[in-house]
Amino acid sequence: MQRYDFRRLTPAQVRDRLAQICQADGIEAEPEALEIVALRADGSMRDGLSLFDQVFAYSGNKVTAEDVRRTLGVPDQASHLRLLEHLVAGAAGLAVGEIHVSLERGVDPVEYIRGFGEFLRNVLFCRLSGLPDGALALMPNVSRN
């Protein structure tokens with residue numbers, strides 16, 4: 001009887017492997033683009049490769065962070081920061097407007113909410129002291145646990 005213990009990969013492991021593949025295949029990819037794909041892969045190399053294939057089919061041999069966001073419907077961190085600032089200021093209309101602009105740009109609503117939750121988590125962790133190395137790279141996905 002054989003036993004295989006599988007564990008999730010870190011975003012850095014997925015990103016580094018994608019970078020190796022890009023180098024071997026002559027694909028020019030921005031580091032931020034690979035980072036976004038690695039985070040969306042949620043610890044799965046197979047998912048990371050699948051997501052990267054989708055982006056590659058769209059963008060060709062030069063993959064940018066904007067290509068990844070557009071193809072996968074992922075918002076940028078600046079949108080989440082603006083949303084948080086509006087919420088803290090009590091400007092509900094501006095907060096709704098920020099969400100609306102992102103959705104009009106093709107951002108997936110589920111990705112937007114998921115990303116905002118991760119953004120808030122990271123903001124809270126940044127406020128704490130004594131974080132272990134890599135703590136901000138952990139992206140728990142409650143729906144899969």
Side-chain angles (χ1 to χ4, degrees), residues 1-89 94-95 97-145:
M1 174 188 223
Q2 290 183 337
R3 177 181 162 169
Y4 297 99
D5 292 323
F6 294 101
R7 62 178 173 74
R8 292 162 58 133
L9 300 173
T10 66
Q13 289 172 314
V14 174
R15 180 202 60 223
D16 292 349
R17 180 64 182 133
L18 290 173
Q20 290 173 347
I21 292 169
C22 287
Q23 185 177 12
D25 291 343
I27 300 169
E28 186 179 333
E30 292 179 352
E32 184 182 2
L34 297 179
E35 189 72 30
I36 295 168
V37 172
L39 290 172
R40 291 299 132 219
D42 198 29
S44 168
M45 182 55 71
R46 183 187 65 197
D47 290 352
L49 292 170
S50 176
L51 292 170
F52 187 79
D53 282 344
Q54 290 175 37
V55 176
F56 177 73
Y58 169 79
S59 63
N61 279 347
K62 183 169 175 138
V63 178
T64 67
E66 185 56 33
D67 292 335
V68 174
R69 287 188 190 97
R70 189 175 304 121
T71 305
L72 302 181
V74 176
D76 63 355
Q77 294 288 322
S79 176
H80 290 142
L81 178 59
R82 288 189 300 269
L83 176 60
L84 181 59
E85 289 171 345
H86 296 320
L87 292 173
V88 168
L94 292 175
E98 182 63 40
I99 295 168
H100 180 72
V101 167
S102 289
L103 298 183
E104 279 193 335
R105 290 182 179 158
V107 172
D108 181 328
V110 172
E111 281 293 327
Y112 192 86
I113 297 301
R114 176 182 176 208
F116 188 62
E118 291 170 354
F119 176 78
L120 289 176
R121 174 187 176 274
N122 288 343
V123 168
L124 291 172
F125 273 179
C126 286
R127 306 249 339 171
L128 300 174
S129 62
L131 290 177
D133 288 342
L136 294 180
L138 300 175
M139 301 307 246
N141 188 341
V142 176
S143 65
R144 290 189 187 174
N145 288 339

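Only heavy atoms go into these numbers, but all of them, side chains included; no hydrogens, no water, no symmetry mates.
- Contact check on Glu118 versus Arg40 returns a salt bridge, with a Lys/Arg side-chain nitrogen under 4.0 Å from an Asp/Glu carboxylate oxygen.
- Contact detail for Leu87 and Ala95: the closest heavy-atom pair is CD2-CB, 3.8 Å.
- In summary, Arg69 and Glu111 do not engage in a salt bridge, as defined by a charged side-chain N under 4.0 Å from a carboxylate O.
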| Could you walk me through whether Leu72 and Leu51 pass the side-chain contact (heavy atoms from CB on, under 4.5 Å) check? | CA-CA 8 Å; Leu72 302 181; Leu51 292 170; 3.8 Å; yes
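- In the model, Ser79 has no side-chain atom that pairs as donor or acceptor with a side-chain atom of Asp76 under 3.5 Å.
- Asn122 contributes atom CG, which lies 7.5 Å from atom CD of Gln77 (distance to the nearest 0.5 angstrom).
- Between Arg8 atom CZ and Met45 atom CE the span is 13.5 Å, to the nearest 0.5 Å.
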| message | Does Leu83 form a side-chain contact (heavy atoms from CB on, under 4.5 Å) with Tyr112? I'd like the steps, not just the answer. | response | CA-CA 11 Å; Leu83 176 60; Tyr112 192 86; 3.7 Å; yes
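- Here the CD-NZ distance, from Glu30 to Lys62, works out to 7.0 Å after rounding to the nearest 0.5 Å.
- Atoms CD1 and CG, from Ile99 and Leu94 in turn, are 11.5 Å apart once rounded to the nearest 0.5 Å.
- Between Phe52 and the choices Ile21, Val14, Thr71, Leu34, the side-chain contact (heavy atoms from CB on, under 4.5 Å) rule is met once, by Leu34.
- Put simply, OG1 on Thr64 and CD on Glu28 are 10.5 Å apart, with the number rounded to the nearest 0.5 Å.
- Across every non-hydrogen atom of Ser59 and Asp67, the tightest pair is CB-OD2, 3.1 Å.
- Glu66 CD: more than 12 foreign heavy atoms inside a 6.0 Å radius.
- Between Leu120 and Leu84, the closest side-chain pair of non-hydrogen atoms falls below 4.5 Å.
- Cys22 approaches Ala29 most closely through the heavy-atom pair SG-CB, 3.9 Å.
- With a 6.0 Å radius and a threshold of 12 heavy atoms from other residues, nucleotides or ligands, Gln54 has its CD atom above the threshold.
- In terms of heavy atoms, Leu103 sits closest to Asp108 at CD2-C, 4.4 Å.
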